[in-house]
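Sequence lines set the chain letters: A, B, ... in the order given, protein chains first and strands last, and positions in each chain run from 1. The model shown is predicted, which means the values in this text are computed figures rather than measured ones. Computed over heavy atoms, backbone and side chain alike; hydrogens, waters and symmetry mates excluded.
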2 protein chains.
Amino acid sequence: MAQFDVIELIEDTKQGNALDAERVTGFVTAFMAGEVTEAQASAWMMAVCLQGISDDAASALTAAMVESGKLVDLSELDHTADKHSTGGVGDKVSLAACPLAAAAGSIVAKMSGRGLGHTGGTVDKLESIPGFRTDLSAKDFRAQAQRVGLVIAAQSHDLSPVDKRLYALRHDTATVDSPPLIAASVMSKKLAAGASAIVLDVKCGRGAFMQSPEEADHLARLMCHIGESQGRAMAAAITPMDQPLGRAVGHALEVTEAVEVLRGEGPPDVAELALQIATSMVLLSGAAPSLDDARARVEKARSSGSALDKLAEMVRAQGGDRRVIDDPARLPSARSIDVLRSPTSGRITWLDALRIAEVVESLGGSRRGRKAIDHSVGVRLLRKQGEDVSPGDPIVEIHASDPSSLDDAKTRIGRAMRVGDPAAPDPTQFEIRWIT
Amino acid sequence: MAQFDVIELIEDTKQGNALDAERVTGFVTAFMAGEVTEAQASAWMMAVCLQGISDDAASALTAAMVESGKLVDLSELDHTADKHSTGGVGDKVSLAACPLAAAAGSIVAKMSGRGLGHTGGTVDKLESIPGFRTDLSAKDFRAQAQRVGLVIAAQSHDLSPVDKRLYALRHDTATVDSPPLIAASVMSKKLAAGASAIVLDVKCGRGAFMQSPEEADHLARLMCHIGESQGRAMAAAITPMDQPLGRAVGHALEVTEAVEVLRGEGPPDVAELALQIATSMVLLSGAAPSLDDARARVEKARSSGSALDKLAEMVRAQGGDRRVIDDPARLPSARSIDVLRSPTSGRITWLDALRIAEVVESLGGSRRGRKAIDHSVGVRLLRKQGEDVSPGDPIVEIHASDPSSLDDAKTRIGRAMRVGDPAAPDPTQFEIRWIT
């Protein structure tokens with residue numbers, strides 16, 4: 001290969017010129033070899049933020065990032081599936097969809113991130129289950145996928161190590177919010193984790209990284225393109241994230257809500273999204289011949305209780321106390337529970353996911369500025385956008401470890417909600433849009 | 001001052017938001033203190049390249065860069081003037097204009113760069129004079145300005161030290177060609193060097209960094225704005241750089257041509273530009289009450305020989321052999337001189353400055369890929385664009401140290417020139433446009 005010229009690559013990116021796969025690969029290789037400085041990588045990423053790169057260049061970047069590390073080899077397992085959410089508030093979908101898909105015939109092998117910014121992370125939520133281990137070796141990860149058919153573990157550092165370094169730079173250099181860089185970061189880890197089918201849940205709205213449907217669509221299509229160009233079966237759902245998903249926000253509270261969904265209960269938005277995501281995982285992984293058949297299997301996994309059993313089996317396999325699945329009251333619970341009541345009557349016209357996330361953060365439910373997450377804290381939204389309230393109605397249940405934090409939480413919740421004219425049209429439609 | 005947040009600065013620059021002076025100053029201060037990483041500085045500069053910053057933000061950046069180092073205090077000297085060229089091929093204007101302005105009443109105190117890219121540097125040219133020293137201390141620089149009224153020295157490293165670090169990063173990260181970054185780099189050094197009047201020569205064309213009149217105008221106005229906002233008298237000439245300036249390209253050959261101009265001879269483009277630049281220096285530094293008066297003084301400095309004497313005085317003050325001024329044949333001369341003759345008849349319709357610079361570079365007249373510059377080599381353009389040739393006419397004189405390099409030089413010169421229809425309209429107008 002010709003000597004890689006990073007200055008020329010940066011210049012061409014700055015000019016908006018096309019980049020071929022070889023040069024993008026050259027960048028990753030040279031960066032890992034220490035031949036491209038962090039200054040050069042940062043200038044290049046800023047040029048990518050402002051000028052964009054083609055979908056094929058983003059695919060090449062992702063493939064090179066995958067090549068930079070180890071891969072989990074799941075190729076001898078059938079019907080392997082993974083899912084990824086771009087991050088939302090109250091997003092416990094993985095905790096329900098993965099057991100559903102596993103019980104319906106897929107082998108679900110998912111590596112998951114920690115909480116990022118205001119959004120919670122699936123492994124953090126699972127760690128609210130006493131004893132649950134998320135730090136599996138790649139070998140144990142694969143073995144459990146084969147034996148149990150369901151494993152959810154923390155991201156292994158061996159996979160896409162270049163992502164870890166580029167991500168740290170992106171954070172320091174204000175180059176986080178670039179679709180090709182986001183897509184390459186996410187997809188390099190998903191591809192390295194080995195599943196043959198990958199279902200994406202791209203959140204869109206005030207509580208999401210993507211604020212507009214156009215941005216969400218673009219990111220979803222780009223990630224699907226990258227996965228498909230690497231031989232994976234891909235699908236993406238675009239789902240609303242203006243208000244929180246479901247009613248629970250907070251680690252243990254969200255595990256409880258996911259268990260409710262698997263019991264045939266739970267909020268309809270979480271349930272329907274989990275069913276659709278699981279259906280797509282089953283279909284794309286080849287565990288069912290048609291969409292209708294996949295959906296039927298997933299629904300049966302829910303109604304029969306086999307998905308709940310599968311979750312319990314995973315919890316036990318990863319060292320957790322499986323009794324919490326039958327009795328979620330065994331999860332960490334907050335010392336102080338208080339209720340915010342409506343001072344007025346009307347319809348809730350606005351419920352801001354980001355602000356609700358900040359309430360939970362202020363109660364201790366985040367890693368930001370803290371040593372450890374308090375898994376017990378959070379809120380339960382007894383009323384959501386589009387629902388009516390009368391004076392004195394309980395609208396939010398607040399779970400706090402420190403009773404002195406309740407007043408501040410109530411003030412913050414007040415700022416996250418608006419109660420308006422009860423005749424106002426209900427703006428709330430939980431619409432799931434699929435891109436395949 | 002509030003804690004400076006570099007990530008926020010980068011993000012705002014990326015978004016194209018306005019930056020106030022305090023934040024831009026904060027960037028420079030924090031970068032020099034090691035609190036902003038090279039990665040962050042590079043990402044910020046790439047954002048500046050692609051989104052631009054306001055003229056006032058560029059002024060603030062420049063002022064902060066000046067503050068980062070020492071300043072030459074010329075405030076007790078009257079009529080101090082400096083000039084700067086953005087760099088061209090065959091550009092020996094400083095060697096003529098500075099003595100002209102000094103002999104006409106200004107105190108000319110100029111720090112100058114080395115050759116950059118394909119363009120030669122004034123201090124490199126002066127060093128073709130045997131014994132000439134360009135590495136003056138700031139103290140000696142000021143003392144000679146006071147005593148002789150004329151000093152041209154190499155850039156002191158104490159002035160705008162942040163520019164040295166940012167420039168190295170810009171080179172490595174393809175962020176060189178941004179008007180606010182170019183303007184801040186140039187003007188921070190000019191402001192620190194202390195003169196009260198600064199005249200700019202912004203080159204425009206195939207052999208210049210600025211390719212279009214619009215780009216050149218923008219850069220010129222921006223540099224004037226920066227200088228004026230720091231209390232300096234400013235003017236800028238936009239001058240053509242499609243073909244080389246004058247007939248000589250190469251270090252010693254250019255010194256000779258500048259001496260010819262001061263003797264009342266020399267090519268008319270170099271002479272007129274040197275006269276106009278010197279006139280502007282004299283006027284802006286307050287050494288003459290009007291433009292007409294300034295021009296008359298400068299012309300007298302040329303016709304009387306006082307400007308030539310001033311150059312000789314500077315050469316002696318800086319340790320050089322002043323006899324070269326009376327007898328330029330004492331300058332280093334090339335061993336092999338050959339002539340390229342026209343194979344055809346017609347009019348020269350195209351003479352490419354950049355390609356001619358590359359010829360001189362290939363003969364050894366550049367630092368690129370070499371330990372030292374060969375001051376003796378170069379070309380003399382016996383015919384230029386718009387001039388007619390007949391078969392056998394000498395068109396270029398080639399000065400080489402190594403006779404074996406002559407053939408390659410001839411081939412390259414052939415590619416730098418086109419001879420066309422003698423009835424073709426002469427495209428060559430040496431038009432000097434002033435921005436004040």
Side-chain angles (χ1 to χ4, degrees), chain A residues 3-17 19 23-24 26-27 30-31 34-53 116-117 162 164-182 209 211-212 215 368-369, chain B residues 3-17 19 23-24 26-27 30-31 34-53 116-117 162 164-182 209 211-212 215 368-369:
Chain A
Q3 181 66 38
F4 170 69
D5 185 340
V6 66
I7 297 178
E8 194 179 75
L9 175 79
I10 301 170
E11 181 66 38
D12 278 341
T13 309
K14 185 177 78 172
Q15 306 271 354
N17 296 337
L19 308 178
R23 293 173 72 197
V24 175
F27 168 78
F31 180 68
E35 293 155 11
V36 165
T37 66
E38 293 195 338
Q40 291 170 325
S42 300
W44 183 69
M45 293 194 292
M46 180 58 80
V48 171
C49 280
L50 287 166
Q51 296 288 53
I53 53 175
L116 187 66
V162 71
K164 196 179 161 80
R165 290 186 54 202
L166 290 179
Y167 190 82
L169 276 183
R170 283 166 62 207
H171 178 267
D172 285 349
T173 60
T175 51
V176 172
D177 61 349
S178 156
L181 297 181
I182 294 169
F209 292 108
Q211 303 278 314
S212 74
E215 287 175 299
R368 272 198 199 167
Chain B
Q3 180 67 38
F4 171 69
D5 185 340
V6 66
I7 297 178
E8 195 178 74
L9 175 79
I10 302 169
E11 181 67 37
D12 278 342
T13 309
K14 186 177 79 172
Q15 306 271 351
N17 296 338
L19 308 179
R23 293 173 72 195
V24 175
F27 168 77
F31 180 66
E35 292 155 11
V36 164
T37 66
E38 294 196 337
Q40 291 170 325
S42 301
W44 183 68
M45 293 194 292
M46 179 57 79
V48 171
C49 280
L50 288 166
Q51 297 288 52
I53 54 175
L116 187 66
V162 70
K164 198 180 158 79
R165 291 185 54 202
L166 290 179
Y167 190 83
L169 276 183
R170 283 166 61 207
H171 179 268
D172 285 349
T173 60
T175 51
V176 171
D177 62 350
S178 156
L181 298 181
I182 294 170
F209 292 110
Q211 303 278 313
S212 74
E215 287 174 302
R368 270 197 200 168

For this session: Would you name the heavy atoms of A:A47 and B:L50 that are closest together and state the gap between them?
Result: CA-CD1, 4.0 Å
Exercise. Which atoms of B:I7 come close to chain A, meaning under 4.5 Å heavy atom to heavy atom: side chain ones, backbone ones, both, or neither?
Worked result: both
Check chain B and chain A for donor-acceptor pairs under 3.5 Å and report each one on its own line.
| residue | atom | partner | partner atom | Å |
| --- | --- | --- | --- | --- |
| B:K14 | NZ | A:A174 | O | 2.9 |
| B:K14 | NZ | A:D177 | OD1 | 2.4 |
| B:Q40 | NE2 | A:D172 | O | 2.9 |
| B:D172 | O | A:Q40 | NE2 | 2.9 |
| B:A174 | O | A:K14 | NZ | 2.8 |
| B:D177 | OD1 | A:K14 | NZ | 2.4 |

